[in-house]
S.K.: 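Have a look at this one.
Below, chain A is the first sequence line, B the second, and so on; all start at residue 1.
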Amino acid sequence: MSESIVLKLKTWKDLPIGGVIPEPSTSLYNKTGNWRAMTPVLDEKKCIKCLLCWIHCPEPAIIRKDDDSVKIDYDYCKGCGICANVCPVHAIEMKLGV
Amino acid sequence: MGEARFIKTLKEVPRVEHFAPGHRLCAGCGIPQVVRMALKAVPDPKVVVNATGCLEVATTIFPYTSWGVPWVHVAFENAAAVASGIESAFKILEKKYGKQRPKVVVFGGDGGTFDIGFQALSGALERGHDMIYICYDNEAYMNTGIQRSGATPKGAHTTTSPAGKVIPGKQERKKNLIEIAIAHGIPYAATMNPAFPVDMYNKLVKAASITGPVVLHYYTPCPTGWYFDPSRSIEVARLAVQTRIWPLYEYENGKIRITVPVKEPKPIEDYFKLQGRFRHLLEPQNRELLEEIKRDVENNWNRLVKLASQG
Amino acid sequence: MKGKLVGMNGDRAVAFAAKQADVDVISAYPITPQTIIVETLAEYVNNGELNAAFIPVESEHSALSAAVGASLAGARVFTATSSQGLALMWEILWIAAGLRTTIVMAMGNRALSPNINIHCSHDDAYAARDTGWLQFFAENVQEAYDLTLMAFRISEDHRVLFPSIVNLDGFILTHATEGLYVLDDEDVKAFLPKKKPVNPIDPSKPMTYGPLDLFDWYMEHRRLQYASFMSTPPVIKEVFEEYGKLSGRRYTPVKTFNVEGAEVVLMVLGSSAGTVRYVSRKLAEKGKKVGVVSLTQYRPFPVRELIEALSGASVVAVMDRSVSFGSPGAQLFMDTSTALLKAKRRPLLFNVVYGLGGRDLTPGDVEKIVMKAEEVLRRGESPEEPVWVGVRGEE
Amino acid sequence: MYEVRWHGRGGQGVVTSSELLALAALREGKHVYHAPEFGPERRGAPVRAYTRISTHPIELHSSIYTPDAVVVIDPSLQSEVQSVTHGLREGGLLVVNASTPHEGIVEAAKKLKAGLWFVDAYSIAMEVFGRPFYNTPMLGAFVKASGLVSINTVLDVVAERFGKESKLAESNVQAVRKAYETVRRL
């Protein structure tokens, strides 16, 4: 992604025609983690790998690992708290700051 | 990429993501769940057409896009027409030059579907284009700041149907999108809800397997426009089903089938008290309206049950 | 003249050109006086003479929307409209151009309501003037055919990539039968090979088309679009020249007749150019010289060529088949006036409004305009408002 | 340049007659312009069509005001003498659908020193089509009266126009020929 359009644009002459964004998923450059007021913190020991947090995350900022355990991607997590709310075993806790 | 399969558990949902984080949808928004699911359930190759609306503006702010598949936005009221053009083009390009034909998936909000885009949708359904049309319905024009739409339910407060002293919120019923769609003679239609992801996934898989126009109506919790805490999105969505306000059902080959039965419905008040848009309905002076809404919900459910029993 | 001589009306000639162009997708909604075009194309498709998808949409808004989708998908796309249909499409005109689609649209020029009227005015063409579409005006059925073919070639050229409108006067050309030479299919094929789309929708190369631009990039995108649009005239000229070699019919952005040494020049668009030229010939027989200037290329507005064409005149009557309420003149007049600001020597200019809603432009009307021009010249002053010709209540 | 104005009623094929004449002249190397003059008229309303034929390219795109010839396709329109003879050039040509021409028309023709031709297209149409279709018989009559194009060219053009249904082509050819043969000058 080092040659992404996001990094190359300087003047109107650099723009691709037709207003397109010529590559996929460039929003990865927009780290929405700084929107977060409350932070979900996962207690891995409690996780039962049910994937509810993964499926319901709107970003998606829950990373599903190979063994179906999960990890929170703080680069993008906006701290909405859905994951904590849907977790059947209360393995995720919303904390101020972090 | 082969056929997608029906699933029984979340473990079977594919890991692949075609929708990237970094978008500017509200924290707690209910839209991305259906987008992620659809992009997983509909086999490649595919192309997405998006009407103007929350999803469109928040996921494609130049030069940032969340989309990992070809994505096209032209205007507000014409997503179904744009999709018609893309579908027809690929069909003839396949016939003339052997070009590979992607499946066309359309996302439109309730404004772009129920109201301003209604004519284009009707035209596309009547012409029978091969497309999956998904209406993400957050029951008002949220992109412009919570104005009523034809999908806003009776009693709801919006900025253009405010809960005033004389008129307490929207006085008219919500349009019945699925039945309107069915009346076009389309092969498949269904309702979906994010709190029931397996049901949603399987409906998307079925939709993808069908040739012809399909309409999917997706319940989209909106913390900003419905005035509830973002963490409760899925809770609100689940209650909508459990109170029978949002029945989950599908229509296929002339038959209605309720896919998530609700034996003992929860009180509608439980659903209303969670959301600022409905809270005024719980006040004594609005008792009559509340009762009317309850009757509407009950009648609608009974009618569906009857239709489903007719097989 | 190369090709075969046939007799067709303007609408059929345009449809025939679209067929020879082997369009992939036609998306259209019927509206008088354009309807024959889409009916003819539907016939071609249903009779197996044209291998294309015909999308019988439910409105003009959808007609152009579907056309945009199809063009982005990589197809060669054609549509047609008139008047109210164009008005309904208007939102999408901008988008079709900004997304750099290569749609070719025929416009059977017709007056806008109210009162509802089905006959010729140039309201619709003018309504599209700022939207980023290339625009051409046909003077007769032959030109309608030729320009349709050339429009595909121009629009799809990688140095252009803008949609085109081919204007033909409602009824006067759309429903009028004239003789025209049509090229052999093989010649058209060579002139107009299969479309090579730029950045088409391709699942193996996912792109985002039509994203949101906020204040940080919208202006840069407009700057680029402007620069690209303004760089199209040399390509247009090149295609005109190549087509001239192929067909024996030479096209230029600006058409002039008898302007050399003429004090009075009449400027006009569309089928009226022929009528004005007819009168000019008659007057020439009587020893009076009246120049005629008409535009084949209306957008981009051919400023330099126009200055050259009008620079020798003492007075120019700019004839508009339209009204612009509250403007300093109708649309062609405003364009021409602005263009001439760049001229070293400027003739007197005045505006004539004529022919609205199909009101016939007679040779007598044209003579009146010439007389008015001579009067303006004598007085050395142009009237403040447009002169209305052919309307009850004016001399 | 030769200009013809056609008068008839909506649904009678006035426009077709005019266009077929133009196509025949085109085939004989002439330049042509044919245009219908109609608005939203439906069946029955009086309509006009114009044919302009010239040995030079035709640039004039206006209506026809001073025709060299007028053809009245519908017999009932004969009585609209003012309207149908309006602007007809002196020494021009009038071709009407009538078993005997209306006296007003006869008088007008005299005043204009116009040649007045008439043909019983009604009887021809009833005999050939079984229905009052006047357009192709009146084309045949005009061709004879004017001598502007050869009858064979016209028959070819007519046969091609209706060629998709050969029976229709046959009867139209027959109607043109019959009218061509029976049209008379007063």
S.K.: Measure the shortest side-chain to side-chain distance between C:Val68 and B:Val82 over non-hydrogen atoms and say whether it is less than 4.5 angstrom.
M.R.: no
S.K.: Are C:Leu99 and B:Val72 side-chain neighbours, meaning at least one heavy-atom pair lies under 4.5 Å?
M.R.: no
S.K.: So for B:Lys99, is it side chain, backbone, both, or neither that comes closer than 4.5 Å to the heavy atoms of chain C?
M.R.: side chain
S.K.: Using heavy-atom distances under 4.5 Å, tell me whether B:Ile92 contacts chain C through its side chain, its backbone, both, or neither.
M.R.: side chain
S.K.: Out of C:Asp213, C:Thr208, C:Leu214, which residue meets the side chain to side chain contact (heavy atoms under 4.5 Å, CB included) rule with B:Phe62?
M.R.: C:Asp213
S.K.: Need one label for B:Val57: side chain, backbone, both or neither, based on atoms under 4.5 Å from any heavy atom in chain C.
M.R.: both
S.K.: Any idea which heavy atoms bring C:Ser62 and B:Ala81 closest together, and the distance?
M.R.: OG-CB, 3.3 Å
S.K.: For residues C:Met207 and B:Thr65, determine if any side-chain heavy atom of one lies less than 4.5 Å from a side-chain heavy atom of the other.
M.R.: no
S.K.: Please classify the contact between B:Leu93 and chain C as side chain, backbone, both or neither, with a heavy-atom cut-off of under 4.5 Å.
M.R.: side chain
S.K.: If you draw a 6.0 Å radius around CZ in B:Phe6, do more than 12 non-hydrogen atoms from other residues or ligands fall strictly inside?
M.R.: yes
S.K.: Report the option among B:Phe90, B:Trp67, B:Tyr64 that has the most heavy-atom pairs separated by less than 4.5 Å from atoms of chain C.
M.R.: B:Phe90
S.K.: Using a 4.5 angstrom heavy-atom cutoff, name the option from C:Gly74, C:Ala73, C:Ser71, C:Ser204 with the most pairs to chain B.
M.R.: C:Ala73
S.K.: Please check: side-chain N/O of B:His73 versus main-chain N/O of C:Pro211, any donor-acceptor pairing under 3.5 Å?
M.R.: no
S.K.: Can you tell which part of C:Ala52 gets under 4.5 Å to a heavy atom of chain B, answering side chain, backbone, both or neither?
M.R.: backbone
S.K.: Can you tell me how far CD of B:Glu77 sits from OG of C:Ser65, rounded to the nearest 0.5 angstrom?
M.R.: 6.5 Å
S.K.: Name the region of C:Asp22, side chain, backbone, both or neither, that has any atom closer than 4.5 Å to a heavy atom of chain B.
M.R.: both
S.K.: Evaluate the side-chain proximity of C:Asp24 to B:Tyr97: yes if any heavy-atom separation is below 4.5 Å, no if none is.
M.R.: yes
S.K.: Which atoms form the tightest heavy-atom contact between B:Trp71 and C:Gly210, and what is the distance?
M.R.: CZ3-O, 3.7 Å
S.K.: How many angstroms lie between atom CD1 of C:Ile55 and atom OG of B:Ser84, to the nearest 0.5 angstrom?
M.R.: 6.5 Å
S.K.: Between C:Pro203 and B:Pro70, which heavy-atom pair has the shortest distance, and what is it?
M.R.: CA-CG, 3.5 Å
S.K.: Minimum heavy-atom separation for C:Gly69 and B:Ile86, please, with both atom names.
M.R.: O-CG1, 3.3 Å
S.K.: Please rank C:Val77, C:Asp202, C:Ile95 by heavy-atom pairs under 4.5 Å with chain B and give me the top one.
M.R.: C:Ile95
S.K.: Would you say the side chain of B:Glu126 lies within less than 4.5 Å of the side chain of C:Glu58, judging by non-hydrogen atoms?
M.R.: no
S.K.: Under the 3.5 angstrom rule, does the side chain of B:Lys96 hit a backbone N or O of C:Asn51 as a donor-acceptor pair?
M.R.: yes
S.K.: For B:Arg127 versus C:Pro56, what's the shortest heavy-atom pair and its separation?
M.R.: CD-O, 3.5 Å
S.K.: At a 4.5 Å cut-off on heavy atoms, which part of C:Ile92 comes close to chain B: side chain, backbone, both, or neither?
M.R.: side chain
S.K.: side-chain contact (heavy atoms from CB on, under 4.5 Å) between B:Gln119 and C:His61: does it pass, once the steps are laid out?
M.R.: CA-CA 10 Å; B:Gln119 174 180 311; C:His61 194 280; 5.9 Å; no
S.K.: Could you tell me which of B:Ala124, B:Ala89, B:Ala79 has the largest number of non-hydrogen atom pairs under 4.5 Å with chain C?
M.R.: B:Ala89
S.K.: Between C:Ala67, C:Ala53, C:Ser27, which shows the greatest number of heavy-atom pairs under 4.5 Å with chain B?
M.R.: C:Ala53
S.K.: Let me know if C:Lys194 has heavy atoms under 4.5 Å from chain B in its side chain, its backbone, both or neither.
M.R.: side chain
